[in-house]
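Please read the structure below before turning to the comments.
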Amino acid sequence: DVVLICVPTPVEGLTQDLRPLYDALKLVGPSQVAIIKSTLSPGTTDACQAIFPDIRIVCSPEFLSRDTADQDVESPILTLIGLPQGMEAEVARKTAHEFLTVMRHIPGQTFTMSATEAEIVKMAHNASGVINTLVYNVLFDLTNRAKGAWVRVQEALQHDPYLASQYSTVVHRGGRGAGGPCFVKDFETFRRAVGDHPSADFLLQAVLYNND
């Protein structure tokens with residue numbers, strides 16, 4: 001009755017390559033619920049719902065890190081129930097109920113919202129991770145130039161509740177900067193979604209330049 005879809009959504013040219021997602025959605029039976037855990041550009045779930053009107057689609061992106069994936073699945077930081085635009089209220093309630101029934105681990109931080117809003121939350125999560133990673137890399141270089149010890153700076157920063165200090169381990173997997181299978185791809189998706197926003201474009205281009 002409920003299908004979890006976890007497929008890659010790589011960036012190809014100017015857009016995400018959604019062929020793996022479409023191939024998976026074709027396998028979902030009529031009236032079943034398809035929960036998409038993949039990271040999507042804003043508006044993608046609504047577009048999928050229009051292409052596959054016989055199934056009910058939910059956008060519920062996964063929040064996990066490669067190094068702590070098992071732990072993150074067992075204890076998710078939050079759960080999103082993103083429903084497509086135009087879904088009738090009764091259908092939405094039924095779909096949300098089935099979603100909650102099938103998920104093993106539901107934290108207190110569960111939010112029901114539009115699918116587009118859920119897509120933006122996940123985009124914000126990964127874009128923020130990239131930017132914070134780059135800020136800590138710059139601080140690391142500044143500390144070295146000032147002949148300070150990053151280990152002491154990092155320890156203090158990790159006790160500041162206003163900072164995303166989980167990104168403060170600058171040398172990671174033998175390299176530096178934002179990497180891995182998600183951050184670079186999803187930041188590029190974010191940059192393209194923002195488009196020529198006058199305040200954001202220069203900032204995001206600078207982040208990519210710095211990361212390279």
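Each residue takes its place number in the sequence, starting with 1. The shown structure was predicted, so the numbers you read here are calculated from the model rather than taken from an experiment. Only heavy atoms go into these numbers, but all of them, side chains included; no hydrogens, no water, no symmetry mates.
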Check your understanding: Mind checking whether Ile77 and Leu80 sit in one hydrophobic cluster, side chains of I, L, V, M, F, W, Y counted as touching below 4.5 Å?
Key -> yes
Check your understanding: Is a side-chain donor or acceptor of Asn132 paired with a backbone partner of Ser128 at a separation under 3.5 angstrom?
Key -> yes
Revision key, fill the gap. Looking only at heavy atoms, the pair that brings Thr116 and Gly43 closest together is OG1-N, 3.8 Å
Practice item. Kindly give the heavy-atom pair with the smallest separation between Ala178 and Thr133, and that separation in Å. Key: N-CG2, 3.7 Å
Review point. If you draw the axis of the six-membered ring of Phe63, does the NZ or CZ of Lys122 fall within 45° of it and under 6.0 Å from the ring centre?
Key: yes
Review point. Taking 4.0 angstrom as the limit, do Asp141 and Arg176 come out as a salt bridge?
Key: yes
Exercise for review: Could you give me the CA-CA distance, side-chain angles and deciding distance for Phe111 and Ile81, then say whether side chain to side chain contact (heavy atoms under 4.5 Å, CB included) is met?
Suggested key: CA-CA 6 Å; Phe111 301 92; Ile81 306 175; over 6 Å; no
Practice item. Return the minimal non-hydrogen interatomic distance between Ile51 and Pro53, and the atom names on each side. Key: O-CD, 3.2 Å
Point to revise | Rounded distance [0.5 Å steps], OG1 in Thr112 versus CG in Leu100 | key: 7.0 Å
Practice item. Decide yes or no on side chain to side chain contact (heavy atoms under 4.5 Å, CB included) for Trp150 and Leu157, but give the supporting numbers first. Key: CA-CA 10 Å; Trp150 177 251; Leu157 294 176; 4.0 Å; yes
Review point. Passes side chain to side chain contact (heavy atoms under 4.5 Å, CB included), Glu155 versus Val151? Steps please.
Key: CA-CA 6 Å; Glu155 182 180 13; Val151 63; 5.8 Å; no
Check your understanding: Are Thr68 and Ser65 side-chain neighbours, meaning at least one heavy-atom pair lies under 4.5 Å?
Key -> yes
Practice item. Side-chain contact test, heavy atoms from C-beta onward, threshold under 4.5 Å: evaluate it for Leu40 versus Thr9 and give yes or no. Key: yes
Exercise for review: Show your working on side chain to side chain donor-acceptor pair (under 3.5 Å) between Gln154 and Thr169 and close with a plain yes or no.
Suggested key: CA-CA 8 Å; Gln154 181 185 20; Thr169 301; 3.2 Å; yes
Exercise for review: Return the minimal non-hydrogen interatomic distance between Phe99 and Ser60, and the atom names on each side.
Suggested key: CZ-OG, 3.4 Å
Check your understanding: Checking side chain to side chain donor-acceptor pair (under 3.5 Å) for the pair Thr79/Gln109: CA distance, chi angles, key distance, verdict?
Key -> CA-CA 6 Å; Thr79 296; Gln109 299 82 3; over 6 Å; no
Review point. Are any of the side-chain heavy atoms of Pro61 and Lys37 separated by less than 4.5 Å?
Key: no
**Study point:** Salt-bridge contact Glu188-Arg192 (side-chain N to carboxylate O under 4.0 Å)
**Key:** yes
Review point. Do the non-hydrogen side-chain atoms of Gln85 and Ser114 ever get within less than 4.5 Å of each other?
Key: no
Check your understanding: CG of Asp1: more than 12 outside heavy atoms within 6.0 angstrom?
Key -> no
**Study point:** Any Phe190 side-chain heavy atom under 4.5 Å of Val130 side chain
**Key:** no
Practice item. Indicate if Val91 and Leu83 have the same hydrophobic cluster label, given that clusters are the connected sets of ILVMFWY residues with side-chain heavy-atom separations under 4.5 angstrom. Key: yes
Review point. When rounded to the nearest 0.5 angstrom, what is the spacing between CZ in Arg93 and CD in Glu88?
Key: 10.5 Å
**Study point:** Atom CZ of Arg152 with >12 non-hydrogen neighbours under 6.0 angstrom
**Key:** no
Study note, to complete from the structure: Output for pair (Leu18 CG, Ser38 OG), nearest 0.5 Å, gives 9.5 Å
Review point. Donor-acceptor pair, Gln16 side chain versus Pro10 backbone, under 3.5 Å?
Key: no
**Study point:** ILVMFWY network linking Val153 to Leu134, side-chain heavy atoms under 4.5 angstrom
**Key:** yes
Check your understanding: Would the number of heavy atoms belonging to other residues, nucleotides or ligands and lying under 6.0 Å from CG of Asp160 be above 12?
Key -> yes
Exercise for review: Give the minimum heavy-atom separation between Asp17 and Pro20, together with the two atoms involved.
Suggested key: O-CD, 3.6 Å
Review point. With a 4.5 Å limit on heavy-atom distance, are the side chains of Ser168 and Phe140 in contact?
Key: no
**Study point:** Within one Ile-Leu-Val-Met-Phe-Trp-Tyr cluster: Ile55 and Val3, side-chain cutoff 4.5 Å
**Key:** yes
Point to revise | Close side-chain approach of Val58 and Ile36, heavy atoms under 4.5 Å | key: no
Review point. Would you say Gln166 has more than 12 foreign heavy atoms packed within less than 6.0 Å of its CD?
Key: yes
Practice item. Please lay out, stage by stage, how Leu21 and Cys48 fare under the test side chain to side chain contact (heavy atoms under 4.5 Å, CB included). Key: CA-CA 9 Å; Leu21 177 60; Cys48 289; 3.8 Å; yes
Exercise for review: Give the cluster check for Met123 versus Val184: same hydrophobic cluster or not, with ILVMFWY residues linked at side-chain heavy-atom distances below 4.5 Å.
Suggested key: no
Practice item. Could you label the plane-to-plane angle of the Phe183 and Tyr167 rings as parallel, tilted or perpendicular, counting under 30° as parallel and over 60° as perpendicular? Key: tilted
Exercise for review: Assign the ring pair Phe52 / Tyr22 to parallel, tilted or perpendicular, where the plane angle (0 to 90°) is split at 30° and 60°.
Suggested key: tilted
Check your understanding: Is it true that Arg56 and Glu98 make a salt bridge, defined as a side-chain N closer than 4.0 Å to a carboxylate O?
Key -> yes
Review point. Do you know which two heavy atoms are closest between Ala34 and Ile5, and how far apart they sit?
Key: CB-CD1, 4.1 Å
Review point. About how many Å separate CG of Leu25 and CD of Gln32, when rounded to the nearest 0.5 Å?
Key: 11.5 Å
Check your understanding: For the atom pair CG (Asn137) and NE2 (His172), what is the distance rounded to the nearest 0.5 Å?
Key -> 11.5 Å
Point to revise | Interatomic distance, Glu119 atom CD to Thr189 atom OG1 [nearest 0.5 angstrom] | key: 11.5 Å
Practice item. For the residue pair Val102 and Ile35, establish whether any side-chain heavy-atom pair is separated by less than 4.5 Å. Key: yes
